Each structure stands twice: as C-alpha cells, then as structure tokens.
Enquirer: 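First, the structure itself, so that you have it in front of you.
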Amino acid sequence: MASSICNKLFMTSSSSFECHSDPDFSASPRFENLRRRKNVSPTTTSFYPLSSLIFRFPPNFHRQLSTKARRNCSNIGVAQIVAASWSNSDANVAASPVTSPAAASAVDAAIPPLSVAPAEIDNDVVVVVSDEGGNGNGVVQANGSVDQLSYSSFLKSDGSLTIHAGERLGRGIVTDAITTPVVNTSAYFFKKTADLIDFKEQRQFSYEYGRYGNPTTQVLEDKISDLEGAESTLILASGMCASTVLLMALVPAGGHIVTTTDCYRKTRIFIETILPKMGITATIIDPADVDALEAALKQNNVSLFFTESPTNPFLRCVDIKVVSDLCHKYGAKVCIDSTFATPMNQKALALGADLVVHSATKYIAGHNDVIAGTVSGSLTLVSEVRKLHHVLGGTLNPNAAYLIIRGMKTLALRVQQQNSTGLRMAKVLEAHPKVKHVYYPALQNHPEHELAKRQMTGFGGVVSFEIDGDLATTAKFIDSLKIPYIAPSFGGCESIVDQPAIMSYWDLPQSERAKYGIHDNLVRFSFGIEDFEDLKADILQALEAI
C-alpha cells in the first residue's frame with residue numbers, strides 16, 4: 001500500500017535525491033484528518049510548475065520536512081502526508097545514511113524548494129504538496145473522497161472510539177507523539193499574499209485565526225463527531241454557550257420554538273427573557289406530551305424543538321424518534337441536549353434528532369477541571385451555528401480541548417461505573433424509609449421507564465430523590481455525607497451532591513420554586529467513580545443522622 005502510493009505521489013526522476021526506507025514511517029498515508037475539511041476545491045496541474053518537481057528524497061528527509069513544516073507551513077499536516085508515504089519495499093534504492101548534524105544540514109541546504117504536482121491516488125483523491133517553489137503555502141489540498149480507511153472498519157465499540165477517533169488515522173498536526181499536542185497560538189501566518197488569496201477563495205486549506213479553528217480543537221471535534229455519528233461538531237467555551245449560540249443561529253427573529261417544562265434553569269431563563277428581545281416566542285410543554293407538541297406545531301411556525309433528554313433535575317425522557325418524526329412533518333428541526341445521557345448511553349442523531357448538544361464539562365471531560373460545550377449534527381446545520389460562533393466568540397482554549405481529549409480516553413469506563421452505581425444506589429434509596437421518592441429512568445416507577453429502556457443503553461450516574469423531611473432536615477442529610485462535595489455540576493470522577501432549592505433556586509421564594517417542582521427536600525446526587533460500597537455506607541449513615 002505504502003509503496004504503491006509513494007510511487008504514484010512521487011514519480012521517478014533524474015533527480016539525485018532518492019527515497020530511502022525508514023522503519024518508523026512505512027505506513028500508508030493518513031488522510032482522515034482532512035475528511036471533514038469541506039472547504040477545499042479541485043486544483044489543476046497547470047497551477048503548479050513541473051520544472052521544480054522533486055520525486056525522491058534523501059535519508060531522514062521526513063524529519064527535516066517536519067521541522068520545515070512546523071516553521072513555514074500554515075497547514076501543519078504537510079509532513080505527515082509525505083512521511084506516511086515512505087516506502088521500505090523499493091529494492092532499487094541504495095541507502096546512504098546521514099548520521100552527523102553537519103551532513104544533515106548539508107542535505108537540508110541542498111534541497112531546492114519543494115513542489116509536487118497533483119498526483120491521483122486511488123482514482124479519487126488529489127493531494128498537492130507545495131512550498132516556496134510553487135504557488136502554495138505548504139498546504140495539503142484534497143479533491144474527492146479521502147475515506148480510504150474509516151474508524152468503523154476496525155473500531156466496533158464506542159469505548160474504542162473515545163480513545164482513537166480523531167487521532168489514530170492521523171490528525172492535522174505533524175508529530176510522532178501518541179498523544180495529541182496542544183497548539184497554543186492565536187493566529188496562523190501566510191508566507192505571501194497569493195497564499196492568503198488562495199485561502200480566501202477556498203483553493204487551499206489553512207487555519208487563519210484562533211477563534212475560527214485550532215488543530216487541537218479539531219481533533220476533539222472529530223472525536224465527538226465519530227462518537228455521535230455526526231457529520232460535523234463544533235466545540236464552544238461552555239454548554240450554555242453551545243445552547244444559546246445554536247438557538248440564535250437557527251431560530252429567525254420573530255420565530256417560535258418549543259421546549260419542555262423540566263430543564264436547566266439558565267436555559268429556561270435564556271428562552272424566557274433573552275429570546276423575546278429578538279421577537280422569538282416559545283411554547284413550553286411536558287416532556288411526554290406529544291399531543292401538546294403537535295398542537296404547537298400546527299398553531300405556530302415552529303423552527304426548533306429544543307429539549308433535554310434526560311432532563312435536569314428530574315431525569316424525564318423525551319421519545320426522540322416520535323418527536324423527530326412529528327417535527328419533521330411540520331418542517332421543524334429537533335435538538336436534544338444529551339448531557340445527562342452521554343454519547344455512551346444514547347445516540348440522539350441515530351434516533352432522528354437533527355442536532356445534539358452536550359455540556360462537555362460534565363461526563364465527556366469527566367474530571368471537574370474544564371468547561372466546554374458541543375454541538376453535533378449535519379454539516380449544513382453545524383456550519384450555520386459555526387458562522388455565528390465566529391462572530392460572537394466563546395472559543396475554547398486549546399489547553400482545555402486537550403484536557404477533554406485526555407478525559408474522553410476513559411469515558412466508557414467511567415460511564416460504565418457510574419451507570420452501575422447510579423442504578424444500584426437508586427434501588428437502595430427507593431427501599432429506604434427516610435426517602436419519599438426517587439427519580440431515575442431505570443426504576444419502574446419512572447414515568448418514561450419503558451421509553452428509556454428502548455432508547456438508552458444505560459441511565460447515568462445522577463439520581464435525584466426527595467428526603468422525608470423539610471429544608472433543614474435535607475440540609476442536615478447533605479452535611480452528614482463525607483464523600484461527595486457540595487457543589488454544582490455532575491458527571492465527574494468525584495461524587496457531587498446539591499440541594500437544588502438552595503443551590504439553583506435560592507433567589508426564588510418557596511412558592512415560586514414549587515411551580516418548577518423544586519421542593520425543599522429535593523436532592524440531586526451525582527455519583528462519581530468511587531467504590532459502590534463506600535458510597536452506599538456513606539449515604540446510609542447520613543440518612544441515619546436525620
């Protein structure tokens with residue numbers, strides 16, 4: 001494979017430089033990192049002068065080119081394409097090792113400006129590598145399909161995807177490292193104006209400004225896209241940033257949306273107080289009331305149905321397939337906030353939703369050390385959200401993107417543990433005389449229990465329940481716990497507990513809180529990955545204390 005592609009890409013020539021074997025770079029080219037780069041267009045051979053072609057390369061050239069690419073190229077994936085094309089099967093090539101720094105420098109100096117004309121690979125991919133001798137900016141351009149090898153061809157489980165997707169088949173970063181590097185830069189340069197014009201007119205791919213994209217963040221976006229089965233993913237600075245930018249991008253001024261009664265309070269505040277300033281109105285329905293949804297669709301020109309599933313904090317579930325079919329019948333889009341489910345437990349896009357959002361702060365990052373949000377779906381819809389995002393900002397720092405990439409390596413293991421602990425603790429709490437009610441989709445008394453079993457493979461680590469007591473009694477229970485932190489958020493390795501009446505609704509009087517079902521005795525417990533028996537013992541002793 002490597003030999004055939006190398007021969008196609010770098011044809012024989014009278015040049016004195018020859019391609020030599022390197023056991024570390026004998027794999028086939030990795031084009032996966034270009035797969036979702038839709039803003040490239042075909043090129044013609046006449047655009048790249050043939051007089052400066054180099055077809056064979058001296059020993060250690062891939063190392064030198066990597067250095068050059070880091071220093072000179074606005075697209076830092078150039079050396080990866082060339083190095084991956086290395087062949088160790090050419091019997092006619094005689095090795096001439098370069099071992100000293102001086103000799104390596106001499107070889108580097110002897111290399112004329114690089115320009116490799118378009119070469120067809122597998123009849124549908126055109127790759128162009130050029131440097132100062134050509135008209136490019138050290139960029140890689142692709143025309144046609146580059147899905148020569150997809151993750152689904154060798155990774156069959158979501159757990160494997162969380163580790164390797166976006167990385168194993170290549171990424172737009174020149175590196176031999178197993179882990180994805182952090183690219184800390186606010187902007188990317190062009191060597192000459194012609195390169196900038198080519199980029200602006202979409203004849204070549206490059207990053208431009210940090211708010212518009214970053215190689216480290218791109219790896220994270222690709223990883224989540226593969227996990228969600230999405231064409232495209234956008235990473236933003238927080239989950240609320242993802243939700244608000246999406247709503248503003250996809251709902252026109254004067255438009256109408258439908259949402260549900262049980263949801264994150266800040267989302268409700270945005271819908272009820274900010275969107276009306278843009279002339280956008282909303283119908284609010286019970287998560288299970290499909291008839292109310294259809295009535296709203298008939299009576300209003302609905303652009304979007306936006307809901308959580310499961311919801312916060314009562315873990316209500318929406319029949320994603322049913323509401324998607326219904327909304328599409330009336331021309332409305334569906335967006336599911338799947339933060340409580342995670343991509344491990346629920347595939348909203350496969351069930352029919354148009355978009356899925358996550359607060360990546362929670363399970364996806366999973367270590368209570370980073371804030372981020374995601375929007376995944378079709379390229380068309382995500383691109384609309386991306387356009388507004390580029391205007392508003394809310395860009396994720398690449399260091400935070402790296403932390404999420406690292407956190408996702410253990411996502412499957414963490415969620416598996418949290419699913420198990422959540423279910424077992426829900427049953428313990430349900431049987432305890434000092435607990436009035438437990439909210440958890442896996443329990444048979446949950447209003448959407450059968451639905452949750454159909455559309456989810458696990459039910460998460462968050463369990464909400466009501467203590468048999470008042471505000472003070474519930475606070476005493478929480479204060480008696482020794483393992484969990486009293487804090488907002490959920491989904492991390494550490495267990496977290498809060499009393500929503502105080503943590504999220506303390507600014508409202510008791511009567512107003514009750515309208516949202518937030519009673520003084522409600523507890524939301526996010527189980528981490530601690531040992532189940534330790535957590536069980538801690539909860540039981542805290543219940544005995546009240």
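Since the structure is predicted, the reported quantities are computational estimates derived from the model, not experimental observations.
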Enquirer: Start with the C-alpha gap between Thr473 and Asp470, add the side-chain angles, then the distance that decides, and say whether side chain to side chain donor-acceptor pair (under 3.5 Å) holds.
Expert: CA-CA 5 Å; Thr473 303; Asp470 57 10; 2.8 Å; yes
Enquirer: Walk me through it: do Ile274 and Met248 pass the test side-chain contact (heavy atoms from CB on, under 4.5 Å)?
Expert: CA-CA 10 Å; Ile274 305 300; Met248 289 189 290; 5.8 Å; no
Enquirer: Between Tyr264 and Glu308, is there a donor-acceptor pair closer than 3.5 Å when you use the side chain of the first and the backbone of the second?
Expert: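 The answer is no, because no donor-acceptor pair under 3.5 Å joins these two groups.
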Enquirer: Would you call Ile224 and Pro343 a side-chain contact if the rule is heavy atoms closer than 4.5 Å?
Expert: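 No, their side chains stay 4.5 Å or more apart.
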Enquirer: Under 6.0 Å from the CD atom of Gln541, do we count more than 12 heavy atoms belonging to anything else shown?
Expert: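 It does: Gln541 CD has more than 12 such atoms within range.
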Enquirer: Spell out, as yes or no, whether a donor-acceptor pair under 3.5 Å connects the side chain of Asn419 to the backbone of Gly460.
Expert: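 It does hold such a pair.
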Enquirer: Taking the side chain as C-beta and beyond, is there a heavy-atom pair between Leu250 and Ser303 under 4.5 Å?
Expert: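 Side-chain contact under 4.5 Å: no.
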Enquirer: Does any donor atom in the side chain of Glu530 or Ser495 lie under 3.5 Å from an acceptor atom in the other side chain?
Expert: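 Their side chains do contain a donor-acceptor pair, which is all the 3.5 Å distance test asks for.
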Enquirer: Nearest 0.5 angstrom please: Asp507 CG to Ile502 CD1, how far?
Expert: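 Atom-to-atom, Asp507:CG and Ile502:CD1 are 12.5 Å apart.
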Enquirer: Specify the closest pair of heavy atoms between Val370 and Ala365, including all atoms of both residues, with the distance to one decimal.
Expert: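 Taking every non-hydrogen atom into account, CG1-CB, 3.2 Å.
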Enquirer: What distance do His449 atom NE2 and Tyr440 atom OH have between them, rounded to the nearest 0.5 Å?
Expert: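 OH of Tyr440 is found 11.5 Å from NE2 of His449.
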Enquirer: Counting distance only, does the side-chain N/O of Lys333 pair as donor-acceptor with the main-chain N or O of Leu355 below 3.5 Å?
Expert: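 No, Lys333 side chain to Leu355 backbone: no donor-acceptor pair under 3.5 Å.
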Enquirer: Would you mind reporting whether Gln218 and Glu221 have side-chain heavy atoms less than 4.5 Å apart?
Expert: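 Result yes, sub-4.5 Å side-chain heavy-atom pair found.
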Enquirer: Which heavy-atom pair separates Ser225 from Ser232 by the least distance, and what is that distance?
Expert: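 Minimum heavy-atom contact is OG-C, 3.3 Å.
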Enquirer: Do the charged groups of Asp226 and Arg168 touch, with an N to O distance under 4.0 Å?
Expert: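 Looking at Asp226 and Arg168, the cut-off is not met.
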Enquirer: Should Phe477 and Val435 count as side-chain neighbours, where that means a heavy-atom distance under 4.5 Å?
Expert: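 No; the side chains remain at least 4.5 Å from each other.
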Enquirer: Apply side-chain contact (heavy atoms from CB on, under 4.5 Å) to the pair Lys223 and Lys409, showing each step before the final yes or no.
Expert: CA-CA 10 Å; Lys223 186 181 290 291; Lys409 306 288 187 179; 4.1 Å; yes
Enquirer: Report the distance from atom CG of Asp319 to atom OG of Ser309, rounding to the nearest 0.5 Å.
Expert: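 Output value for this atom pair is 8.5 Å.
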Enquirer: Going through the checks in order, is the side-chain contact (heavy atoms from CB on, under 4.5 Å) test met by Lys436 and Phe465?
Expert: CA-CA 7 Å; Lys436 289 181 64 176; Phe465 54 96; over 6 Å; no
Enquirer: A side-chain contact here means heavy atoms from C-beta on lying under 4.5 Å apart; do Cys241 and Leu392 qualify?
Expert: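 Cys241 vs Leu392: side chains apart.
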Enquirer: Does atom CD (Gln444) have a neighbourhood of more than 12 heavy atoms from anything else shown, all under 6.0 Å?
Expert: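 12 or below, so no.
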Enquirer: Hey, does the side chain of Arg424 reach the backbone of Lys536 with a donor-acceptor pair shorter than 3.5 angstrom?
Expert: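 Judged by distance alone, no pair lies under 3.5 Å.
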Enquirer: Which label fits Tyr439 and Phe314: parallel for a plane angle under 30°, tilted from 30 to 60°, or perpendicular past 60°?
Expert: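 Because their plane-to-plane angle is over 60°, the rings of Tyr439 and Phe314 count as perpendicular.
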Enquirer: Within a reach of under 6.0 Å around NZ of Lys434, are more than 12 heavy atoms found that belong to other residues, nucleotides or ligands?
Expert: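 Buried by this count: over 12 neighbours within 6.0 Å.
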Enquirer: Are Met425 and Phe532 packed together at the side-chain level, in the sense that at least one heavy-atom pair is separated by less than 4.5 angstrom?
Expert: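 Yes, their side chains come closer than 4.5 Å.
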Enquirer: Give me the atom names and distance for the closest heavy-atom approach of Lys347 to Leu227.
Expert: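 Heavy atoms of Lys347 and Leu227 come nearest at NZ-O, 2.6 Å.
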Enquirer: Where is the tightest heavy-atom contact between Tyr516 and Glu512, given as atom of each residue plus distance?
Expert: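 Scanning both residues completely, I find the closest heavy atoms to be CD1-O, 3.5 Å.
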Enquirer: Inspect the surroundings of CG in Asn301 and state if more than 12 heavy atoms from other residues, nucleotides or ligands are less than 6.0 Å away.
Expert: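 12 or below, so no.
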Enquirer: Would you find more than 12 non-hydrogen atoms of other residues, nucleotides or ligands less than 6.0 Å from Lys321 atom NZ?
Expert: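 Open: at most 12 neighbouring heavy atoms sit under 6.0 Å from NZ of Lys321.
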Enquirer: Do Tyr209 and Tyr207 have ring centroids that are under 6.0 Å from one another?
Expert: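 Ring centroids of Tyr207 and Tyr209 are no less than 6.0 Å from each other.
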Enquirer: Does the pair Glu228 and His358 meet the rule for a side-chain contact (heavy atoms from CB on, under 4.5 Å), with working shown?
Expert: CA-CA 11 Å; Glu228 283 287 10; His358 291 276; 2.6 Å; yes
Enquirer: What is the minimum heavy-atom distance between Gln455 and Cys317, and which atoms define it?
Expert: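 Scanning both residues completely, I find the closest heavy atoms to be NE2-CB, 4.4 Å.
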Enquirer: Can Thr260 and Thr307 be counted as having a side-chain donor-acceptor contact under 3.5 angstrom?
Expert: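 A donor-acceptor contact under 3.5 Å links the two side chains.
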Enquirer: Is there a donor-acceptor pair closer than 3.5 Å between any side-chain N or O of Arg265 and the backbone N or O of Ser504?
Expert: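 Yes; at least one donor-acceptor contact below 3.5 Å.
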Enquirer: Taking the side chain as every heavy atom from C-beta outward, state whether Asp520 and Thr474 have any pair of such atoms under 4.5 Å apart.
Expert: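 Side-chain contact under 4.5 Å: no.
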Enquirer: Distance-only, no hydrogens or angles: does the Thr233 side chain make a donor-acceptor pair with backbone N or O of Ser376 under 3.5 Å?
Expert: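 Here the side-chain-to-backbone pair does not exist.
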Enquirer: Checking Asn214 against Tyr188: is there a side-chain donor and acceptor pair closer than 3.5 Å?
Expert: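 Result is yes, a qualifying pair exists.
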Enquirer: Keeping the roles fixed (side chain from Ser420, backbone from Gln416), state whether a donor-acceptor pair exists under 3.5 Å.
Expert: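 Not a single qualifying donor-acceptor pair exists.
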Enquirer: More than 12 heavy atoms of other residues, nucleotides or ligands under 6.0 Å from OH of Tyr330: is that the case?
Expert: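 Yes.
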Enquirer: Could Lys329 and Asp325 be called an ion pair, given the rule that one side-chain N must be under 4.0 Å from one carboxylate O?
Expert: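 No, this pair does not count.
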Enquirer: For the pair Glu231 (side chain) and Leu379 (backbone), establish whether a donor and an acceptor sit closer than 3.5 Å, ignoring hydrogens and angles.
Expert: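 Yes.
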Enquirer: With rounding to the nearest 0.5 angstrom, report the OG1 to CD1 distance, Thr410 to Ile163.
Expert: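 That separation rounds to 9.0 Å.
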Enquirer: Quick check: closest heavy atoms across Met503 and Asp498, and the distance to 0.1 Å?
Expert: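 Heavy atoms only, the tightest pair is CB-OD1, 3.7 Å.
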Enquirer: Do Arg211 side-chain atoms and His390 backbone N/O form a donor-acceptor pair below 3.5 Å?
Expert: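 Here the side-chain-to-backbone pair exists.
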Enquirer: Heavy-atom count around Glu430 CD within 6.0 Å, excluding the residue itself: above 12?
Expert: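 Count over threshold, so yes.
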Enquirer: Please round to the nearest 0.5 Å and tell me the distance separating atom CG of Asn399 and atom CG of Asn397.
Expert: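 Interatomic distance, Asn399 CG to Asn397 CG, rounded to 0.5 Å: 4.5 Å.
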Enquirer: If you count every heavy atom of other residues, nucleotides or ligands that lies below 6.0 Å from Ile371 atom CD1, does the total exceed 12?
Expert: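 Atom CD1 in Ile371 is not packed in, count stays at 12 or less.
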Enquirer: So, Thr457 side chain and Met344 main chain: donor-acceptor pair closer than 3.5 Å or not?
Expert: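 Yes.
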Enquirer: How long is the gap from OH on Tyr402 to OG1 on Thr217, to the nearest 0.5 Å?
Expert: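 Here the interatomic distance stands at 14.0 Å.
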Enquirer: On the 0 to 90° scale, with breaks at 30° and 60°, tag the Phe525-Phe527 ring pair as parallel, tilted or perpendicular.
Expert: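 Judged by the thresholds at 30° and 60°, the geometry between Phe525 and Phe527 is parallel.
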Enquirer: Is the shortest heavy-atom distance from the side chain of Leu297 to the side chain of Leu326 under 4.5 Å?
Expert: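 In contact.
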